[in-house]
Every structure is written in structure tokens, then in C-alpha cells.
Amino acid sequence: MNVGCAIIRPPRDGGIRYRGLTQEQIRNVQILPVDYEIEYICRGNRVIVGPKVRKCLPNGTWTDITLHSRCCNEANTSIHFLESKKKLYIGALFPMSGGWPGGQACLPSAQMALDLVNNRTDILPDYELELIYYDSMCDPGESTKLLYDLLYTEPIKTVLMPGCSSVSTLVAEAARMWNLIVLSYGSSSPALSNRNRFPTFFRTHPSATLHNPTRVRLFQKWKWTKIATIQQTTEVFTSTLDDLEQRVKEAGIEISVRQSFLTDPAVAVKNLKRQDARIIVGLFYETEARKVFCEVFKEKLYGKKYVWFLIGWYADNWFKIKDPSINCTIENMTEAVEGHVTTEIVMLNPETVRGASNLTSQEFLGALMNRLGGKNPEETGGFQEAPLAYDAVWALALALNKTVAPLKAKGRRLEDFNYNNHDITAEIYRALNTSSFEGVSGHVVFDAQGSRMAMTLIEQLQGGSYKKIGYYDSSQKNLSWFGNDVWIGAGPPADSTIVIEEFRYLSQKLFAAVSVFAGLGILLGIVCLTFNIYNSNVRYIQNSQPYLNNMTAVGCMMALAAVFPLGIDGHHIHRSQFPVVCQFRLWLLGLGFSLAYGSMFTKIWWVHNLFTKKEEKKEKRKHLEPWKLYATVGVLLAIDILSLMIWQIVDPLHITVEKFTREAPKGDLDVLIQPLLEHCTSEKMNTWLGVVYGYKGLLLLLGIFLAYETKSVSTEKINDHRAVGMAIYNVAVLCMITAPVTMILTSQQDASFAFAALAIVFSVYITLVVLFVPKMRRLITRGEWQSEQQDTLKTGSSTNNNDEEKSRQLERENRELQKIIQEKEQRVSELRNQLVERQALRNRRRPSSGTNQNHSNPSPPSSQPDPKSLLPPPGYPNPADSKISRNHCHNSQIPLLYK
């Protein structure tokens with residue numbers, strides 16, 4: 001910073017009075033110190049027009065250096081700058097560089113307003129407004145130092161005028177300590193609307209929250225319910241986003257992704273891409289906007305699937321400005337930003353109205369362009385906000401003018417203001433708070449928080465330039481839409497990838513094919529059941545326990561009937577009816593298995609129980625009561641019914657929907673398919689299945705064991721137990737394979753149904769064929785179709801057939817009796833030999849006693865024959881046993897043959 005100011009030339013026909021310096025010193029001095037004052041003087045009757053006194057500023061310039069001082073004739077009526085005018089100083093901070101270089105256009109605009117105000121005789125006629133300004137660089141740190149210079153350097157400033165929100169926050173919070181009014185022209189932070197924190201703050205730039213009602217209205221217009229945000233971590237954008245979050249929540253709109261960054265937006269942009277953000281609100285300064293959209297180009301986060309909402313106060317060609325901090329070309333940036341929407345406070349009155357400054361908005365723009373010296377507005381920072389700076393000066397001038405009379409009534413003057421005078425500050429506050437006039441930016445009026453109220457302009461970047469597409473008046477909730485919005489696709493994109501829910505249904509061809517087999521199986525079951533009932537009085541059928549076979553046939557038909565609800569899904573019935581179908585599946589399959597397998601298990605159980613026990617239990621073979629068989633089936637059926645009822649009451653089946661990985665259809669469609677699959681389930685499905693499968697699995701294993709144990713048993717009481725064993729083998733194997741496979745394939749409806757249904761069909765077919773077809777074949781081939789009661793009524797052919805069967809049965813019984821007789825004869829021979837040997841031994845022990853007796857007492861010949869004579873000739877039976885022969889069996893000895 002310079003240590004002083006260079007000497008300037010005096011005005012024509014006038015001179016400069018250097019206070020405290022002689023003519024010799026003036027000729028030798030080139031630099032004058034800071035705070036040194038010079039005074040212009042004129043010759044003759046001429047007077048100074050323009051600043052009369054200038055002061056050296058710390059930045060090496062003189063005050064009001066942009067305003068020329070000249071000497072004019074006193075008779076010139078157009079000159080009103082008299083030496084009697086008192087100066088009122090405005091301390092301003094204009095950001096000429098930094099994140100928002102708005103001072104480039106706002107400073108000339110404010111100086112234009114000051115010139116016009118100072119030339120008006122109806123506004124502050126006794127005062128002259130003078131602007132003392134510094135470059136804040138939009139940096140709060142730099143602004144702290146400059147604020148200190150403004151406050152502790154003469155002259156006293158009546159009002160402060162900061163620019164950026166971050167700088168205004170600092171200035172406005174400190175200003176109340178010096179009783180200073182703060183009037184900002186470029187601050188949009190919603191935090192500045194806090195009257196408790198910033199009691200003396202006003203702004204002609206509306207709050208950034210004024211954008212949010214417009215954004216919400218556009219979201220509703222385009223039917224978006226999900227948005228994303230990315231913000232620079234500064235107070236202005238954080239508070240704006242907090243307000244937006246509250247407003248969208250009230251409108252039923254969700255902020256699905258919220259990202260922020262400090263200096264590098266790369267990670268935040270990648271997160272937006274990864275989380276499928278589509279409608280994105282960006283809150284950041286212009287320099288950061290270029291960084292963001294360079295990353296947007298790299299991540300391909302633009303195009304027909306995306307819409308970006310940005311702040312509208314950037315320069316019109318902000319994306320074309322070369323920025324060394326990014327590595328994207330202008331073409332890249334232009335491609336990335338195409339189609340984005342901006343919401344911008346209306347900063348230039350769209351109507352041709354002459355306001356307080358007697359200028360229309362278009363006349364103001366023309367004058368500003370002349371003052372900028374032909375500089376390109378698109379490359380001039382703050383050009384859009386220039387009308388706000390212009391109206392800020394006019395609002396201040398009109399407010400100060402309004403306070404002159406009230407202060408005069410109190411014996412006060414504006415020039416009496418100091419940093420300890422609260423009364424003058426209160427009068428200026430009241431005057432600003434009641435301001436209402438037409439400016440070049442529109443109607444100027446402040447709300448209770450000191451913020452400007454205005455309409456919002458909606459623009460869209462179309463073909464590299466911004467086009468107006470509508471206005472929104474948040475106070476009236478009125479949207480004026482031009483209908484010229486342009487989209488890359490067919491229309492506004494969706495707020496997220498459209499997810500189409502698509503239920504997976506069972507293949508109808510598979511269902512139809514399996515249903516045909518199940519239907520044929522039911523017909524086969526009906527045929528078998530009818531055959532068994534019709535021939536139930538035939539001895540061969542009676543010996544197969546026909547009632548148990550009837551239960552097997554009924555159970556098989558119930559199991560086959562379960563195939564139909566097993567294949568019914570949402571394709572056939574409404575979802576509300578699905579739980580009923582689930583119950584049908586469970587009960588038909590459970591009871592069908594209990595009847596079919598339970599009746600077969602009962603047969604094999606009792607065959608094993610009676611014919612594989614010890615000798616003392618074999619007498620029971622002749623006395624197998626049928627009620628025991630039926631009772632066994634009843635117990636198995638009761639267990640199933642009880643368990644199913646408990647399941648039904650405690651944890652009933654209901655419908656659940658399984659979601660699969662989303663699938664992208666063919667083509668460039670912004671949609672995904674969400675496959676869904678309906679299941680019958682309950683809260684503790686695995687527990688119930690574990691109990692049922694465990695119980696049924698044990699029955700199957702036990703059935704296999706019993707079938708193996710009884711494979712060599714032959715009995716007429718249950719003459720088809722070998723066929724039952726074969727059926728049990730097949731059913732057990734199929735069930736044990738199918739049960740775990742269907743649990744694994746539960747998410748594949750076709751495979752799961754095919755395994756389960758075909759296992760049921762094959763099991764039933766095998767069971768019916770194995771149990772009933774041999775019986776049918778036997779009765780057909782041997783003619784045993786009628787009952788025993790009808791046998792006597794038949795002709796000779798039937799009688800002959802029955803006689804042949806009886807003859808064969810008698811021959812088998814005769815062979816068994818011959819075998820038993822041979823065993824008895826062998827035993828009798830062994831006993832005779834033992835008796836002979838015992839008699840011979842007894843005779844040898846008593847020879848002497850026998851001799852004496854013979855000599856003393858002669859007796860007749862002994863009745864005992866010679867032992868040798870007792871033995872029959874070789875190869876001949878004993879004569880004593882001649883009554884027991886092959887063809888003559890005594891009735892009293894018949895029971896002995898069966899022992």
C-alpha cells in the first residue's frame with residue numbers, strides 16, 4: 001500500500017490550497033501523506049462545482065477521485081454544488097475480485113446514482129453524499145482490516161455498504177456497536193434475515209431463500225418428488241439449503257442426496273453419480289461452479305437424464321471464462337451446462353417505468369454501458385446486480401432525506417451523527433424500513449427482516465445462451481410460464497430411474513402340462529378306488545386290506561389335487577385371495593401324504609410286528625384285527641391335523657414378496673425392471689418346516705427300514721406288503737431328494753414348481769401302479785371278479801376255476817404237512833432208540849437177581865419183547881405208529897402238526 005498520494009493538477013481558472021505548506025515546499029514535494037487534505041479555489045467570482053476538499057486515502061488515491069472539480073460562473077443556474085453543502089460519507093466495500101467480483105459493475109452503478117442524487121435539489125439539498133470505498137475481494141479476513149480502516153479513519157461514515165454475503169455478515173454484526181446502518185446491494189444469505197443478530201441490516205438484494213419457493217413450484221410443475229443438492233460450505237449456502245429442505249418437506253418432496261465441499265467438488269460429484277441423483281440443486285459461487293461442472297463433464301452427470309438448478313446471478317458467460325484451476329476446455333464446459341435452469345431475482349424492471357431517478361431500466365443500462373467504457377457486460381462481474389447497487393444508493397438518499405425534518409424538529413442534524421448517537425441511527429432505520437419507491441430494479445420495499453421483496457426470473461440455458469422461460473411471484477404464488485422450455489429428451493426427465501415392478505409368474509405351459517398329468521393321475525386314482533371297492537369281497541382283495549388301499553388311493557388323489565394350488569399365483573387370482581390358496585396347498589398336501597403314506601406305513605409296520613418276532617408271538621399271526629390297522633392310520637392322520645391346526649392358529653401363512661436385483665431392459669431407456677416373486681410363508685417358516693420335515697423324514701426312513709426287514713416275509717393276511725414296500729422305497733427317495741431341492745430353488749418359480757409337482761405326480765403314479773395294477777391283472781387273467789357269495793350262482797367254468805384254486809391250495813398245505821410228519825417220525829425214532837438203550841442198560845445191572853428169581857420162582861415168559869425185536873426193519877416205519885400215516889391222520893393228532 002502507498003504511503004501517500006501524488007499531487008494532482010488544479011482546476012482550470014482555479015488553484016489548490018495546500019494546508020500548512022509554503023509555495024517552496026509545494027514545489028519540492030511530490031507525495032503528500034495519508035489523511036492530508038487539499039482545497040480547491042477559484043479566481044474571481046467563480047465557484048467550485050464538484051468536490052471542494054479531497055483527502056488522501058490509505059490506498060494512495062484521493063477521495064472522490066472519479067468526480068471532477070471545476071470552476072464555473074456563479075450565474076450558471078444549473079450548478080448547485082455550493083460551498084455551504086455538508087458532506088455525508090458512505091463507507092463501502094466493493095469486491096473487485098475474488099469469488100464474486102461484483103464491484104466491477106456495482107461500483108460504477110453506485111457512482112452514477114451518487115452523481116444524480118447530488119445534482120438533485122429536491123433530495124438532500126443541503127448535503128452531498130460521498131463514497132469512500134475499498135476492494136474487499138469478497139474475503140471476510142481482508143474485510144476485517146478494511147472495516148477497521150473505515151471506522152477509525154476520518155471522516156465519520158454515516159452508512160456502510162458491503163457487498164458479498166460473507167463480508168456483509170461480518171460488517172452487519174459489528175455495525176451495531178457503532179450505531180451504523182448497513183445497506184447491502186449484493187448479499188443474499190438467508191442468515192442475514194436474523195434481526196436479533198443483525199438489527200441494523202438492510203439489503204436491496206433479496207434473500208437467497210426467495211429462490212426456494214420458485215424451485216419448489218418448478219419441482220411440482222414437473223412432478224418431481226426426489227431431488228439432490230450440492231453446496232459450497234459457506235453460511236449463505238448452508239442456510240439457503242436449510243430453508244429449502246424445510247420447504248420441500250412441506251411440499252412432500254424428498255432430498256435423497258445432500259453433498260457439500262469446501263474447495264474441491266470432485267468427491268461430491270462422484271457421490272451424486274453413484275447415488276443416481278437426477279434433479280440437482282447447486283449452491284456455490286461462480287468460480288466454484290466452473291470446478292463443479294468440470295467434474296460433472298468428467299462423470300457424465302449431464303444430458304437428457306439430468307437437470308441442474310443453479311443461481312442466476314453468475315455472469316452470462318461464466319462457463320466460457322478461462323480458469324487455470326480446471327482442466328476442461330470451453331467446449332467441455334458448454335456441453336456440460338447445456339439445459340440447466342437458473343432462478344434469479346428480478347434485478348431489472350421489465351416494465352418501462354420511470355422511477356425515483358427519472359430513468360427507465362433500459363436508460364439505466366445504456367448509461368451504465370457508457371460508464372463501463374464499452375466493456376463486455378458478460379465479462380463484467382456484478383453486471384446483473386448493478387441495478388441493485390444503483391437502487392441501494394437511491395434508497396439511502398431518500399431515507400436520509402426523509403430524516404431531515406424529524407431530526408430538525410428534535411434540534412438535530414445529519415452532520416451531527418457520530419458513532420455514539422443512537423437517535424439519528426433510529427431515524428435512519430425508520431426511514432429505510434418504510435421505504436417504497438420505483439427503482440430501475442423494480443419496486444423497492446423491505447420486509448420486517450430488512451430483505452428486499454421481489455419477483456423471481458426463471459431462465460434456461462438453450463444453445464449456449466440464457467432464455468427467459470417464466471416468472472414467479474412468491475407473494476402471490478403466481479407462476480407466469482412462457483412455455484418455451486427445451487429438453488434434450490422428449491420432455492422433463494424423471495427424478496430418478498423409473499423402476500417398473502414386474503411379478504415373476506409360473507410358466508403357464510409348464511403349469512398346464514403338469515396339470516394334465518395331475519388330472520390323469522386323479523382319474524387313475526378314481527379307477528383304482530372304484531376297482532377296489534367293487535371287488536372288496538374277493539378273497540384276494542380282502543387279504544390285501546382293501547380299506548387301507550382305499551385310503552391310499554384317496555390320499556394320492558388329494559396329493560395330486562395339491563398340484564393345482566401349488567401352481568396358482570398372482571397371474572390367476574387377486575393378491576388378497578393368495579393366503580387362501582396357501583392354506584389349500586398346505587392342507588391338501590399334508591393330509592394327502594398322511595393318508596397315502598400312512599396307510600402303506602401301517603401295513604408294513606404290522607407285517608414287521610407280527611412276522612419277524614420270536615416264536616411265542618407267532619400265534620398272533622392268525623388274529624390280526626383290522627381296527628388296529630385303522631387306528632394306526634388314524635393316529636398318524638391326527639398328528640398331522642393337530643400340527644397343521646397349531647401352525648394355522650399360531651403362525652398362519654401369508655403372502656410375502658421377494659425382490660430380486662434390478663434388471664435393465666434392452667434399449668436406451670431410463671427404466672429398470674424390479675422382479676418380484678410371491679411366496680407363501682409365515683413368521684417362523686423355517687421352524688415349522690424343520691418340525692414337519694423332521695417328522696416326515698423319520699417316517700420315511702422307518703418305512704424304508706421296515707420294508708427291507710419284511711422283504712422275505714410271506715403272509716396271506718396282507719398279501720401285497722411287498723408291493724407296499726416297493727412303493728415306500730420310491731416315495732421316500734423322491735421326497736428326500738425333492739424337499740431340500742425345492743428349498744434351494746425357492747427363488748426360481750418354474751424349477752421349484754417342476755421339482756415339487758413332478759415329485760408328487762411320479763410318487764402317486766408309482767404308488768397306484770404298484771399297488772393296484774397287479775391286482776387288476778390277477779383278477780382279469782384268473783377271472784376272480786366276483787365275491788364268494790356269488791360263486792355258487794355261477795356256471796361250471798367259474799366252479800372249475802375255484803376248484804383249481806382250492807386244489808392248488810390243498811396241495812401246498814399237504815406238502816407242508818408231509819414235511820411236518822417227516823420231522824415227527826425222525827423224532828419218534830430217536831426216542832425209541834434211547835428207550836431201547838436205557839432198557840438194555842437196566843437189564844445188565846440186575847443179572848444175578850434175575851437168575852435167582854428164575855430158579856426159585858418159575859414164572860411165565862416175560863411180556864417184554866426182545867429189544868432187538870422192537871426195531872423195525874431198515875427203511876420201514878415203526879408198526880406202533882402205523883395209525884399215523886400220510887393218508888390217515890387221526891383227528892386228535894392234527895393240532896400237534898401245527899405246533
Side-chain angles (χ1 to χ4, degrees), residues 188 205-229 240 244 247-248 251 253 277-284 286 289 292-293 296 301-320 333-352 361-362 365 377-378 383-385 387-388 441-442 453-495:
S188 61
H205 195 301
S207 171
T209 57
L210 199 61
H211 295 260
N212 291 336
T214 306
R215 291 171 179 142
V216 173
R217 182 66 183 87
L218 292 177
F219 298 155
Q220 293 173 334
K221 173 180 173 57
W222 287 320
K223 298 179 181 180
W224 292 328
T225 59
K226 185 185 296 184
I227 65 171
T229 62
T240 301
L244 177 63
R247 291 179 185 271
V248 297
I253 300 171
R278 299 301 181 89
I279 312 303
I280 308 169
V281 178
L283 301 173
F284 28 72
E286 180 179 320
V292 168
F293 275 89
V296 166
L301 200 64
Y302 64 92
K304 65 180 181 180
K305 297 181 181 179
Y306 306 94
V307 178
W308 282 83
F309 281 79
L310 301 182
I311 304 168
W313 39 256
Y314 301 160
D316 285 347
N317 69 334
W318 63 271
F319 53 91
K320 296 180 181 179
M333 297 292 291
T334 303
E335 182 181 351
V337 300
E338 179 64 24
H340 77 263
V341 177
T342 65
T343 52
E344 176 185 353
I345 306 302
V346 175
M347 300 180 185
L348 189 67
N349 197 337
E351 300 178 0
T352 306
S361 57
Q362 296 303 317
L365 288 179
E378 295 183 355
F383 186 82
Q384 294 179 346
E385 291 79 11
L388 303 180
S441 63
M453 299 175 64
M455 293 181 65
T456 307
L457 170 65
I458 307 167
E459 293 183 315
Q460 186 182 37
L461 190 69
Q462 300 176 3
S465 61
Y466 287 100
K467 305 294 182 182
K468 296 178 182 179
I469 60 176
Y471 287 95
Y472 183 69
D473 186 354
S474 58
S475 61
Q476 301 296 326
K477 296 183 178 179
N478 180 37
L479 178 64
S480 301
W481 197 250
F482 301 160
N484 60 338
D485 48 318
V486 177
W487 304 99
I488 300 175
D495 56 6

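Everything quoted here is computed from the prediction, not taken from an experiment.
By the side-chain hydrogen bond (donor to acceptor under 3.5 Å, both in side chains) test, Ser465 is found to be paired with no residue, residues two or more places apart in sequence or in another chain being considered. Not counting sequence neighbours, the partners of Asn484 by the side-chain contact (heavy atoms from CB on, under 4.5 Å) test are Ile469, Phe482. The side-chain contact (heavy atoms from CB on, under 4.5 Å) test applied to Tyr302 returns Val296, Phe297, Lys300, Glu335, Ala336, not counting sequence neighbours. Residues satisfying the side-chain hydrogen bond (donor to acceptor under 3.5 Å, both in side chains) criterion with Thr214, sequence neighbours excluded, are Thr456. In this view, Gln384 and Asp316 satisfy the side-chain hydrogen bond (donor to acceptor under 3.5 Å, both in side chains) rule, not counting sequence neighbours. Remark: Glu338 engages no residue in a salt bridge (Lys or Arg N to Asp or Glu O under 4.0 Å) (not counting sequence neighbours). Remark: Thr209 pairs with Pro190, Ser207, Asn212, Asp243 by the side-chain contact (heavy atoms from CB on, under 4.5 Å) rule, at least two apart or across chains. Every residue two or more places apart in sequence or in another chain that forms a ring pair (Phe, Tyr, Trp, His ring centres under 6.0 Å) with Tyr466 is listed here: His340. Under the side-chain contact (heavy atoms from CB on, under 4.5 Å) criterion, Ser474 pairs with Leu210, Pro213, Tyr472, sequence neighbours left out. By the side-chain hydrogen bond (donor to acceptor under 3.5 Å, both in side chains) test, Gln462 pairs with Gln460, sequence neighbours left out. Take Trp224 and apply the ring pair (Phe, Tyr, Trp, His ring centres under 6.0 Å) test, not counting sequence neighbours, and it matches Trp222. Residues satisfying the salt bridge (Lys or Arg N to Asp or Glu O under 4.0 Å) criterion with Arg278, sequence neighbours excluded, are Asp276, Asp670.
The side-chain heavy atoms of Leu457 and Lys468, taken from C-beta on, include a pair separated by under 4.5 Å. His205 places a side-chain heavy atom less than 4.5 Å from the side chain of Met347. Two residues are said to be in side-chain contact when any heavy atoms from C-beta on lie closer than 4.5 Å; Pro493 and Trp487 meet this criterion. Contact check for Phe219 versus Thr225: no side-chain heavy atoms found under the 4.5 Å cut-off. Counting heavy atoms from C-beta on, the side chains of Ile311 and Leu283 come closer than 4.5 Å. Contact of the Tyr314 side chain with the Thr342 side chain is not registered, since no non-hydrogen atoms from C-beta on lie closer than 4.5 Å. In this structure, Phe319 and Thr334 have side chains that are in contact, with non-hydrogen atoms separated by less than 4.5 Å.
Rounding to the nearest 0.5 Å gives a distance of 9.0 Å between CG of Leu301 and CZ of Phe293. Note: Trp318 CH2 to Glu286 CD = 8.0 Å, rounded to the nearest 0.5 Å. In this structure, CD1 in Ile253 is found 8.5 Å from CG in Leu244, a value given to the nearest 0.5 Å. With rounding to the nearest 0.5 angstrom, the OG1 atom of Thr229 is 13.0 Å from the CD1 atom of Ile279.
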Review point. Please walk me through it: do Leu365 and Phe383 pass side chain to side chain contact (heavy atoms under 4.5 Å, CB included)?
Key: CA-CA 10 Å; Leu365 288 179; Phe383 186 82; 4.2 Å; yes

Exercise for review: Would you please test His211 and Thr240 for side chain to side chain contact (heavy atoms under 4.5 Å, CB included) and show each step?
Suggested key: CA-CA 9 Å; His211 295 260; Thr240 301; 5.9 Å; no

Point to revise | Ile458 vs Leu479, side chain to side chain contact (heavy atoms under 4.5 Å, CB included): CA-CA, chis, key distance, verdict | key: CA-CA 10 Å; Ile458 307 167; Leu479 178 64; 3.9 Å; yes

Check your understanding: Trp481 and Leu218: side chain to side chain contact (heavy atoms under 4.5 Å, CB included), yes or no, with the steps?
Key -> CA-CA 10 Å; Trp481 197 250; Leu218 292 177; 3.7 Å; yes

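Remark: side-chain polar atoms of Ser361 are paired, donor with acceptor, to backbone N or O of Asn349 under 3.5 angstrom.
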